[in-house]
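These notes are about the structure you will find just below.
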Amino acid sequence: AQVPQLFRALAPRVLSALAVQLLLATFVGIAASLGPGSVTIWSYAFTLLQLPIAMVPTALATAILPAASRLVAREDFAGLATLARRSIGSVALALAPVAAIGGVLAPRAVGLVTGLGSAAPDIQRTGALLALLLVGLGGYGATSILVRIFYSLDDTFNPTLAALVDVVVDVIVAVILVPLLGLAALAVALSVGAWSEALFLSWRMRGRIASLAPTRLFALLLPTLLLSVPAAAVASAIAGIFDSIVRPTGALGDLAVLVLAGGSGLLVYGAATVAAKRREAAPLSALILRVAPAMRRIPGISSLAATGDD
């Protein structure tokens, strides 16, 4: 009896994985029709997008699945809701600056990774494409957590349905926008699809965990997204000033800008999250205090770090 049940649970995910792979193959085919170098540019940008997705939401979602399953086994759905919200909040806290600051400095990152420098036209195009893909990062993060929560509830149907919704949205947006935006339309389509999938999962979850309904999910994600805006503005300003004074060139110049402008943006973001007393920032506050105990004199940072132990 367990084997048929296993295949019933596995079949929907195989179907959705197949649909996603067919979509990505279709997008590569569309890129191939958009001029020389388009496939390479698309492949580089899409590959770089996978780095933050794999490092943060995928890793955290995998880690919380056993805990979520234990909570479901105990029928502790209040605890499951708390785990889900804290996990989504933590993912949002980590990904918001990556999306915002990364979007501003994307050509620099591509120039460094390729070793060609950000001045080359194709590097600029790849960076612009990556910046558009990063818009969907929060959607990918929320989806990763919500999918594992569904899995803990022994539900593979809704994640599959959400993945198919994502594919349909991607195709519709791409068909509409490719004639207008060209290669950029593919990035816009994936970002819109990522947020559509997250909102669909949230909508399907609302009957089981009310605190994960779409409006609640939006309220959970919005503060960290807003806090990343000044960080991106600072990173952009410092990169512009550095460019005008030093005029860096090549991959080493891109590295210098990434360290200086990106680091400054992250400092602003960290300070803003601590000042806003976001509970998700408790681990960050605790780390700051371990590295620099003198920071305890900053109002609020000690009490925020202590909330991580609750």
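If you're wondering where the values come from, they're calculated on a predicted model, not measured in any experiment.
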(request) Please write out which residues are connected to F218 in a hydrophobic cluster, directly or through intermediates, given that two of Ile, Leu, Val, Met, Phe, Trp, Tyr count as joined at side-chain heavy-atom separations below 4.5 angstrom. (result) L222, L226
(message) I'd like to check Y269 versus V234 (side-chain heavy atoms, cut-off strictly below 4.5 Å). Are they in contact?
(response) no
(request) Determine the minimum heavy-atom distance between V39 and A31, stating which atoms define it. (result) CG2-C, 4.0 Å
For residues 208-215, which side-chain N or O atoms pair as donor and acceptor with protein atoms under 3.5 Å away, sequence neighbours left out?
from: R208; atom 1: NH2; to: D155; atom 2: OD2; distance (Å): 3.4

Indicate every side-chain donor-acceptor pair of residues 119-137 with a distance under 3.5 Å to a residue at least two apart or in another chain.
from: Q124; atom 1: NE2; to: S118; atom 2: O; distance (Å): 2.5
from: T126; atom 1: OG1; to: D122; atom 2: O; distance (Å): 2.8

(message) Could you measure the distance from the CG atom of L181 to the CD1 atom of I176? Nearest 0.5 Å is fine.
(response) 11.0 Å
(message) Contact between Y140 and L49 at the side-chain level, heavy atoms closer than 4.5 Å - yes or no?
(response) yes
(message) Can a donor-acceptor pair be found, under 3.5 Å and without considering hydrogens, that links the side chain of S236 to the backbone of A233?
(response) no
(message) Side-chain heavy atoms nearer than 4.5 Å, only ILVMFWY residues, links allowed to pass through others: does that put V259 and L105 together?
(response) yes
(request) Could you tell me which non-hydrogen atom of A92 sits nearest to which non-hydrogen atom of T224, and how far apart they are? (result) CB-OG1, 3.5 Å
(request) Mind listing the closest non-hydrogen atom pair of S228 and A96 along with its distance? (result) CB-O, 3.7 Å
(request) In sequence, state the C-alpha distance, the side-chain angles, and the governing distance for L221 and W195, and then conclude on side chain to side chain contact (heavy atoms under 4.5 Å, CB included). (result) CA-CA 12 Å; L221 296 173; W195 282 106; 3.6 Å; yes
(request) Check the hydrophobic clustering (I, L, V, M, F, W, Y; side-chain heavy atoms under 4.5 Å; chains of links allowed) and say if I53 and Y44 are grouped together. (result) no
(request) Find out whether I88 and L146 are in side-chain contact, i.e. whether some heavy atom of one side chain is under 4.5 Å from a heavy atom of the other. (result) yes
(message) I need the I145 CD1 to R148 CZ distance, nearest 0.5 Å.
(response) 7.5 Å
(message) Run the ring-ring contact (aromatic ring centres under 6.0 Å, His included) test against F200 and tell me which residues pass, sequence neighbours left out.
(response) W203
(message) Are I101 and V229 linked, directly or through intermediate hydrophobic residues, by side-chain heavy-atom contacts shorter than 4.5 Å (ILVMFWY only)?
(response) no
All N/O donor-acceptor pairs, side-chain side in residues 65-77, below 3.5 Å, sequence neighbours left out:
from: S69; atom 1: OG; to: L65; atom 2: O; distance (Å): 3.0
from: D76; atom 1: OD1; to: G79; atom 2: N; distance (Å): 2.9

(request) Find out if a path of hydrophobic residues (ILVMFWY) with successive side-chain heavy-atom gaps under 4.5 Å connects I238 to L267. (result) no
(request) Start with the C-alpha distance between S87 and L83, add both sets of side-chain angles, then the distance that settles side chain to side chain contact (heavy atoms under 4.5 Å, CB included), and finish with yes or no. (result) CA-CA 6 Å; S87 298; L83 174 66; 3.9 Å; yes
(request) If a pair satisfies salt bridge (Lys or Arg N to Asp or Glu O under 4.0 Å) and one of its residues is in residues 189-206, list it, with sequence neighbours excluded. (result) none
(message) I'd like to check L48 versus L51 (side-chain heavy atoms, cut-off strictly below 4.5 Å). Are they in contact?
(response) yes
(request) Mind checking the CZ-OG1 spacing from F150 to T143? Nearest 0.5 Å is all I need. (result) 10.5 Å
(request) Taking all non-hydrogen atoms of both residues into account, name the closest pair between V98 and P52 and its distance. (result) CG1-CB, 4.0 Å
(message) To check you understand the geometry: which heavy-atom pair defines the closest contact between A189 and A174, and what is its length?
(response) CB-N, 3.9 Å
(request) First locate atom CG of D166, then atom CG of D170, and finally report the distance between them rounded to the nearest 0.5 Å. (result) 4.5 Å
(request) For L22 and V167, run side chain to side chain contact (heavy atoms under 4.5 Å, CB included): C-alpha distance rounded to whole Å, both residues' side-chain angles, the deciding distance at 0.1 Å, then the answer. (result) CA-CA 9 Å; L22 289 174; V167 169; over 6 Å; no
(request) Check whether any side-chain N or O of S33 sits under 3.5 Å from a backbone N or O of I30 as a donor-acceptor pair, and report yes or no. (result) yes
(message) Can you confirm whether L177 sits close enough to L186 that some side-chain heavy atom of one is under 4.5 Å from a side-chain heavy atom of the other?
(response) no
(request) Look at the side chain of S43 and the backbone N and O of T40, then say whether any donor-acceptor pair between them is shorter than 3.5 Å. (result) no
(request) Heavy atoms only: give me the nearest A61-S144 pair and the separation to one decimal. (result) CB-O, 3.4 Å
(request) Output the distance between atom CG (L60) and atom CE (M55), rounded to the nearest 0.5 Å. (result) 13.0 Å
